[in-house]
Amino acid sequence: MVCQPKPSCPDWVAWSSLLPTGLSRKTFDCAFMTTSLRQRLTSVPSVVWVLALTLSCLVPFLGKAYHIDDTLFLWVGEQIQRHPADPFGFTVNWFGFAYPMVKSFENPPLTCYYIALVARVVGWSEPAMHAAFLLPALASAWGIHSLARRYCRRPLLAAVMAVLSPVFLISSTTVMCDVMLLAFWVWSIVLFEEGQEENRPLLFLASGIVGGLAVLTKFPGLALVPLLGACGLHRRRRLSLGWWLLAPAVPLLVAAGYEWYTRKMYGQGLLLAAATYASSQRQADEGLLIERVVVGLGFMGGCFLPTLFFAPALWRPRTILVGLICLVPFLAFLPEIGPLGRLFWRPDERFDWVSFLQSALFTVASLHILILAGSDFWTRRDTGALCLLLWTAGIFIFASAVNWTMNGRSLLPMAPAAAILLARRLDQRYPGTAVVPKWRFFWPVISAGVLSLLLVKADYDLASVNRVAANELCARYRSPGKVLWFRGHWGFQYYMEKLGAKPLDTLQPVLSPGDRVILPDPRTASNVFDVPADVVRLIEVLGFRPNRYYATVSYSVEACFYSWRKGLLPFAVGEVNPVCFYVFEATQALDGTSHYADGHSAVGAWDQQRAFEQESSRCQKLLGLNPNDVQTRFQLGMTWLARARPREAANQFSEILRLEPDYAPARLQLAMLASKQGKTSEAVAHYRMALRMEPDSVEALNNLAWILATNPDGQVRNGTGGSPGRARQRTERRHQHFGDRHAGGGVRRVRAFCRSGFVRQSGHPNG
């Protein structure tokens, strides 16, 4: 017995419904020159079109750089090639310090064994690895179509909408375990349904084995146990023993066996360890359950946003209007919910309507899916409706309330259920032979494809940034005898280590003068720990802009598909800030003690630079209102100096002198910049002009005296026979005004040099 009869219509009817209204079958016939070609196209099974669509969407992204947690899976795959029976027996620096892999990786190793096998055959290159991961994506698409044939009359539409959901396509361009879990999950249910239909024990056993593989792929595969158990009991309407119990029992046995083996191998059961880790991370968030649920609604709606495009075809206009009116009070309450406050309110206390509208749209989309599931069960009351309801609600509860963090990957197993619910609602709205306007199918499908492919491209570009940045940073700053250190993980760590850079240990940092340290922006990257500001100096800030208007990970639009800790939306549109990498040089040694111990500053170098960035942003906004504000422009120039951006600083000081030629502080800063760049004559000219404006300027007298005393060029020194006459005059003048007691160290040194008649080349006394 099946939940719905298989569609009796030919495959042509199934896929021709996706064409726009103007392309009727007669029009389609005329578009082709021969009847045989039309017959060949219309005889192709609809599942083939689903697989072709999946390939056409994913093949262009085979060159995607390794991204997010791909690095962990690749490392375990490398370990499996060396020690197949010990996948986690090594140490990594993933959380900022050396830690056993068995405690850093919260997933079972089946996907990693697949990676090791693939790498043994085709190598570790990105295109080869992503090509191998097309297989789980194709298996998932095929399984969704097979399951939809049992649950609805439009399996092609259901499969297409599942494939074109953002969460499916984005997840399919990684080498993590999520899509492989989806493939095993769907096929376990398909085999279970076939076993129920044909009452064959082997199908139940096969369903259980595939479910067990799902557990060994990712621990949420255990959710198949209650799902299959509830569906089996509902079909029989009573508690009964039978072969069908093999399907939920085998995954339980597999999970127990894995727990026993890992406890024996590593001293702890990794299934229980993963549950403990998730619990501890939820407590660390210190967020209310209602906050997690509301954020979860936003993630769920974004991941399956295309289902909302079908709303006009699924519901009557009056129903849609009533539903929106009922949702208005809830949506108005969104800005008052804890973490969403930072999403809707800008730093200047203006309300961000763009973010609010996006969040509201995603929330409506998620509620729409839950309403579809509830309505379907209320109307049909069959086993298929129960399965889809439990499937949808269970994944949402796990992702928002049980998992250690909300992310799009945790919601991926819901993709088949959401798409099938959409198709079942269409079956209910247009029963039997009712004619459905073609545009109601065509434009939502096209919109879904465009949206999802744009998001996949944004994620592809973001992954490429880490690869390009690693190549450029290592080429620029790796030098013999010095170590190039970095912090932060995800794909950036993979490429940095491949190029010879080393992760800096947070607990025992070791730095030598001249070493370089790379810090990605912690607002975009993960596990980036700061270094003390007094042991490093900023050299450069490299910025890469993967996409200007929309992103899957960006702090400026509060989006992070991979974790709600970095953003409260799975993706967002808006002004996307560039991804920045901060390059520091060690000015003194760290001996392996904690970087806040041993008298070092508790102020982080990146935190200090972030404060400078905020100040420059504030100044630029004020200058936008009043470009002639000399004080603000000077403050902006000093901020650029602090960020090691001398060119931008010089531009600001030059503009100040254009607006106000007698502004001595700007003249003094230009003099110091010219001196650092070796432009001695220009520096002397600026110092002399500064002294005309402020004759008693201590800093100008000090620096000019040092230049005149130590420069080897006699014309610059303005003395004869090596005698630093003008320098002595400057120094004695400073001494007459303030005396030795208030003279700076540089002034006292210059006076000593001048009085002894000795002139030598040296560095500046203050630096």
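Keep in mind that this is a model prediction, so the values were computed, not measured. Residue numbers count from 1 along this sequence.
- Scanning for salt bridge (charged side-chain N to carboxylate O under 4.0 Å, His left out) contacts around R548 gives an empty result, with sequence neighbours left out.
- When side chains are defined from C-beta on, L224 does not count as touching W391, because their heavy atoms never get closer than 4.5 Å.
- Side-chain contact between C57 and L53 is present, with heavy atoms from C-beta onward closer than 4.5 Å.
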**Request:** List the steps and the verdict of side chain to side chain contact (heavy atoms under 4.5 Å, CB included) for L213 and M180.
**Result:** CA-CA 9 Å; L213 293 176; M180 188 174 288; over 6 Å; no
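- With a 4.5 Å cut-off on side-chain heavy atoms, S172 and V456 do not count as touching.
- Side-chain contact between L569 and V557 is absent, with no heavy-atom pair separated by less than 4.5 Å.
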**Message:** side chain to side chain contact (heavy atoms under 4.5 Å, CB included), that's the test. Do L55 and L134 meet it? Break it down for me.
**Reply:** CA-CA 8 Å; L55 282 175; L134 289 175; 4.0 Å; yes
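- A donor-acceptor contact under 3.5 angstrom links the side chains of Y562 and D459, judged on distance only.
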**Asked** Between H368 and L314, does a side chain to side chain contact (heavy atoms under 4.5 Å, CB included) hold up when you go through it step by step?
**Response** CA-CA 11 Å; H368 180 236; L314 302 179; 3.7 Å; yes
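- The shortest side-chain heavy-atom distance between L308 and F362 does not fall under the 4.5 Å cut-off.
- Counting all heavy atoms, side chain and backbone alike, L451 lies closest to F571 at CD1-CE1, 4.5 Å.
- Shown here for S556 and E575, the closest heavy-atom pair between the two residues is OG-O, 2.9 Å.
- R381 forms a cation-pi arrangement with W378, by the criterion of a distance under 6.0 Å to the ring centre and an angle within 45° of the ring axis.
- The shortest side-chain heavy-atom distance between N547 and L462 does not fall under the 4.5 Å cut-off.
- Among residues at least two apart or in separate chains, side-chain hydrogen bond (donor to acceptor under 3.5 Å, both in side chains) pairs with a member in residues 178-190 are D178-K218, D178-R409, S188-S207.
- Note that R200 lies outside the cation-pi zone of W243, set by a 6.0 Å cut-off to the ring centre and a 45° limit from the axis.
- Heavy-atom minimum distance, F61 versus T173: CB-CG2, 4.1 Å.
- Closest non-hydrogen pair, L246 versus P251, comes out as O-CD, 4.4 Å.
- Inter-residue side-chain proximity for L455 and L169 is flagged as unmet; no heavy-atom pair is nearer than 4.5 Å.
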